[in-house]
Participant: 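Could you have a look at this structure, given as structure tokens, before my questions?
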There are 2 protein chains.
Amino acid sequence: MNAPTKPTTAVPLLHTTPGFETDGRSTCPIREVLDRVGDTWSILVIINLQEQPVRFNALKRAIEGISQRMLTVTLRSLERDGLVTRTVRPTTPPEVEYGLTELGQSLAVPIASLGGWAASNRDNMRQAREAFDLGT
Amino acid sequence: MNAPTKPTTAVPLLHTTPGFETDGRSTCPIREVLDRVGDTWSILVIINLQEQPVRFNALKRAIEGISQRMLTVTLRSLERDGLVTRTVRPTTPPEVEYGLTELGQSLAVPIASLGGWAASNRDNMRQAREAFDLGT
DNA sequence: CGGCATCCCTTCCGATACTG
DNA sequence: CAGTATCGGAAGGGATGCCG
């Protein structure tokens, strides 16, 4: 989900190893998409933008636990991938609004269904975890 | 997605800060679920188990780029959360099969729809990225 | 208000070696 | 085959300070 970095020793994914790029197009699509929105905050940002455009600090308040730095980084990344738009209104102080692109809206649909699952099943997961942890 | 660790200085999430636990139950469900399944490999493992149970090394071969260590860690985590079952057949050499629980199957549904989005839209994301990177 | 730059500690995770 | 243990580098990300 970050800007291009140059690997020094460790290469994250096998298929990005020099000479093993598999022609640069045949990577698993899910892997590729998760590499961009599968981080800690992207999904939450998208969910919070689904209803209407939101300003930077409002977004920051809405997403519990996110730091200013990570919100900025996450928004830039989503903007780069064509999922989020950034609109500056040159007032003083400036207002910056973030919203979803059409692509972003389309991604918000499966994400919302994941959110629905989360809301319905988190208790099941908690109970399973407790049971497992008791088992040893 | 990891076993319980004791934070030393930095606390990952605000709402886990001592005195700010929000009673230990009111955390955003999506955040909570993503903390367990939102890592690099869990989603891919679940997708690969959706059809039928798969043995350890078969799974390793199926998931491009995963290391043995991360496959083990990921499977343990999913098992702990009640999403995956582990079945040992005491032959020599031993055969260990992993499969989805009912809970895991139910999670596989929204995950599959995310996968469908990924397959349909990765080219859009690539193009958006190229355009953005040209823009500066 | 909405950022960016730097510092620096923490966590992740691949590589490697060893076991039942 | 299916793991576990350990190590060390790389990456993640909070805190802080400065800016238009």
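Convention: sequence-line order gives letters A, B, ...; per-chain numbering from 1.
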Participant: Starting from P on C:dC12, measure out to CZ on B:Arg36 and report it in whole angstrom.
Facilitator: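 That distance rounds to 12 Å.
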
Participant: Could you give the CZ-to-P distance, from B:Arg55 to D:dG3, as a whole number of Å?
Facilitator: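 To the nearest whole Å, that distance equals 10 Å.
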
Participant: Could you state the atom-to-atom distance from CG of B:Leu71 to P of D:dG3 in whole Å?
Facilitator: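 That distance rounds to 8 Å.
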
Participant: Nearest to the B:Thr72 side chain among D:dT4, C:dG3, D:dG14, which nucleotide is it?
Facilitator: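 Nearest listed nucleotide: D:dT4.
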
Participant: Between B:Arg86 and D:dG3, does any side-chain N or O lie under 4.0 Å from OP1 or OP2?
Facilitator: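 True: B:Arg86 side-chain N/O within range (under 4.0 Å) of D:dG3 OP1/OP2.
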
Participant: At less than 4.0 Å, is any side-chain N or O atom of A:Ser67 found next to OP1 or OP2 of D:dA15? Yes or no.
Facilitator: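 Answer is no, no contact under 4.0 Å.
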
Participant: Ignoring the backbone of A:Met70, work out which of D:dA2, C:dG14, D:dG13 is nearest its side chain.
Facilitator: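 Given the options D:dA2, C:dG14, D:dG13, the side chain of A:Met70 is closest to D:dG13.
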
Participant: Rounding to a whole Å, what distance do you find between A:Glu79:CD and C:dC4:P?
Facilitator: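 For the pair A:Glu79 CD and C:dC4 P, the rounded distance is 10 Å.
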
Participant: Rounded to the Å, how far apart are A:Asp39 CG and D:dG12 C1'?
Facilitator: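 Interatomic distance, CG of A:Asp39 to C1' of D:dG12: 10 Å.
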
Participant: Does A:Tyr98 make a side-chain N or O approach to OP1 or OP2 of C:dG3 shorter than 4.0 Å?
Facilitator: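 True: A:Tyr98 side-chain N/O within range (under 4.0 Å) of C:dG3 OP1/OP2.
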
Participant: How long is the gap from OG1 on B:Thr40 to CD1 on B:Ile63, to the nearest 0.5 Å?
Facilitator: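 Between atom OG1 of B:Thr40 and atom CD1 of B:Ile63 there are 11.5 Å.
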
Participant: Quick check for you: among D:dG3, C:dA15, C:dC4, whose closest atom lies nearest to any side-chain atom of A:Gln68?
Facilitator: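 It is C:dC4.
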
Participant: What nucleic acid atoms does B:Arg89 come within less than 4.0 Å of, heavy atoms only: base, sugar-phosphate, or nothing?
Facilitator: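 Result for B:Arg89 = nothing.
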
Participant: Take B:Arg69 and B:Phe56, find for each the nucleotide of DNA chain D with the closest heavy atom, and name the residue whose nucleotide sits nearer the 5' end.
Facilitator: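 Nearest-nucleotide comparison on DNA chain D picks B:Phe56.
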
Participant: Rounded to whole angstroms, how far apart are CD on B:Glu95 and C1' on D:dG3?
Facilitator: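 The answer, rounded to whole Å, is 15 Å.
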
Participant: About how many Å separate CZ of B:Arg76 and CZ of B:Arg86, when rounded to the nearest 0.5 Å?
Facilitator: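 Interatomic distance, B:Arg86 CZ to B:Arg76 CZ, rounded to 0.5 Å: 4.5 Å.
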
Participant: Nearest to the B:Pro94 side chain among C:dG2, C:dG20, C:dC13, which nucleotide is it?
Facilitator: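 Shortest atom-to-atom distance from the side chain points to C:dG20.
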
Participant: In this structure, how many angstroms lie between the P atom of C:dC1 and the CD atom of A:Glu97, rounded?
Facilitator: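 Interatomic distance, CD of A:Glu97 to P of C:dC1: 15 Å.
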
Participant: Do NZ/NE/NH1/NH2 and the carboxylate oxygens of B:Arg122 and A:Glu32 come within less than 4.0 Å?
Facilitator: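 Yes, B:Arg122 and A:Glu32 are salt-bridged.
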
Participant: Using a 6.0 Å distance limit plus a 45 degree cone around the ring axis, check whether B:Arg31 lies over the aromatic ring of A:Trp41.
Facilitator: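 Checked: cation-pi criterion met.
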
Participant: Looking at the side chain of A:Val96, which of C:dG3, D:dA2, C:dC13 is the nearest nucleotide?
Facilitator: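 Within the option list, the nearest is C:dG3.
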
Participant: Is a side-chain donor or acceptor of B:Thr74 paired with a backbone partner of B:Leu71 at a separation under 3.5 angstrom?
Facilitator: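 Absent.
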
Participant: Quick one: B:Arg76 CZ to C:dC13 P, roughly how many Å, whole number?
Facilitator: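 Interatomic distance, CZ of B:Arg76 to P of C:dC13: 17 Å.
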
